[in-house]
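I have placed the structure first, in the form of structure tokens, so that the comments after it can refer back to it.
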Amino acid sequence: DTLAKQRVHRDDVLVVVGGGVVGDLGGFVAATYLRGLPLWQIPTSVVAQVDSSVGGKVAVNLDYGKNLVGTFYQPQRVLVDPAYLITLPDAEVRNGLGEVLKYALLMGEGLLEHLESSAQALGRMDLDEWSEVSRRCVGYKAAVVQRDERDRGERAVLNLGHTTAHAIERCTGYGRVGHGFAVALGLLVALRVSEEVVECPRELRTRTTEVMERLGLPTRLELPPVRDLLEAMQWDKKVEAGTSGFVGLSALGSPVRGMDVPRPVLAAALEEVRV
């Protein structure tokens, strides 16, 4: 209605300034209003700068699950300025590091080592460090998206940790647990599952937990009953719990998609991140 009242035309540019929720909503509007407006994304949160503003997924939530209504719509430009992060509360900065850690596990030793050595610099908002982290994360995601824009295969690896994260967000109420915090817990669940299913070394989960503690990420949380989380996973747009959609790691930098996860294994892994 706002765009219509302003008589926005197809050659006008919709500039979306904000975090992941704003970017998704604005992107969805750009994709659907007049069947498509030129879109510029200017992400202002950590999650948006390292992940959600790049890749062209735009969607909104339903009560049944996250991002269930949406489409693929690429922005003309994504302008990332880490100076925006200076204005964020500390909790929001740490929240975004959950997505950064996901990329570190996907990419391999280089970024994980960098996080181990630069945790303090990131905490004091060293913009050079944040620029480097954003560059690495965006570079990895952009390469994956270029090979599989419509999420028919390889792009599923970007869902690492998200099956659990989306279930936590749904069961606790959207906005109560930050997306990055939920992803961080989801990474620990994925690693625990991977130890059972694809023989991922136990040492990687130990190392990941230590990095999370350095970055100020939660390693445990008060969670709803496991049965509720498992039910919520059935509504994940990519994965059904216990079927071939789960993403794990066989080793650092070696994602495995299409894992068959027995329900008892997933339930046990969820219990390990419960307070």
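In this chain, numbering begins with 1 at the start of the sequence shown.
Residue Val21 is found outside any hydrophobic cluster, as its side-chain heavy atoms come under 4.5 Å of no other Ile, Leu, Val, Met, Phe, Trp or Tyr. Hydrophobic cluster membership of Ile86, counting Ile, Leu, Val, Met, Phe, Trp and Tyr whose side-chain heavy atoms lie under 4.5 Å apart directly or via other members: Leu127.
Expressed to the nearest 0.5 Å, how far CG of Leu122 lies from CG of Asp128 amounts to 11.0 Å.
For Thr206 and Arg202, the side-chain atoms include at least one donor-acceptor pair closer than 3.5 Å.
Using a 4.5 Å cut-off on side-chain heavy atoms (C-beta onward), Met233 and Leu266 make contact. Side-chain contact check for His162 versus Val183: some heavy-atom pair is nearer than 4.5 Å.
In terms of modelled atom types and a separation under 3.5 Å, the side chain of Arg10 and the main chain of Leu34 share a donor-acceptor contact. Gln49 places a side-chain N or O within donor-acceptor distance of the main-chain N or O of Asp81, the cut-off being under 3.5 Å. Formation of a donor-acceptor pair under 3.5 Å by the Thr32 side chain with backbone atoms of Arg35 is not found in this model. Within the 3.5 Å criterion, the main-chain N or O of Gly65 finds a donor-acceptor partner in the side chain of Tyr174. Without hydrogens or angle criteria, Gln74 side chain to Gly55 main chain gives a donor-acceptor distance under 3.5 Å. No donor-acceptor distance shorter than 3.5 angstrom exists from the side chain of His166 to the backbone of Thr164, with no hydrogens or angles considered.
With sequence neighbours excluded, the residues that form a side-chain hydrogen bond (donor to acceptor under 3.5 Å, both in side chains) with Arg135 are Glu132. Listed by chain and number, the residues in a side-chain hydrogen bond (donor to acceptor under 3.5 Å, both in side chains) with Asp90 are Arg94 (sequence neighbours excluded). Scanning for side-chain hydrogen bond (donor to acceptor under 3.5 Å, both in side chains) contacts around Thr71 gives an empty result, with sequence neighbours left out.
The one candidate from Arg257, Lys57, Glu99, Lys141 that meets the side chain to side chain contact (heavy atoms under 4.5 Å, CB included) condition with Leu158 is Lys141.
In the displayed structure, Asp11 atom CG is contacted under 6.0 Å by more than 12 heavy atoms of other residues, nucleotides or ligands.
The pair Asp63-Arg170 does not count as a salt bridge, with every side-chain nitrogen at least 4.0 angstrom from each carboxylate oxygen.
Legend: salt bridge (Lys or Arg N to Asp or Glu O under 4.0 Å) pairs involving residues 207-228, not counting sequence neighbours, sorted by first then second residue: Glu109-Arg207, Glu116-Arg207.
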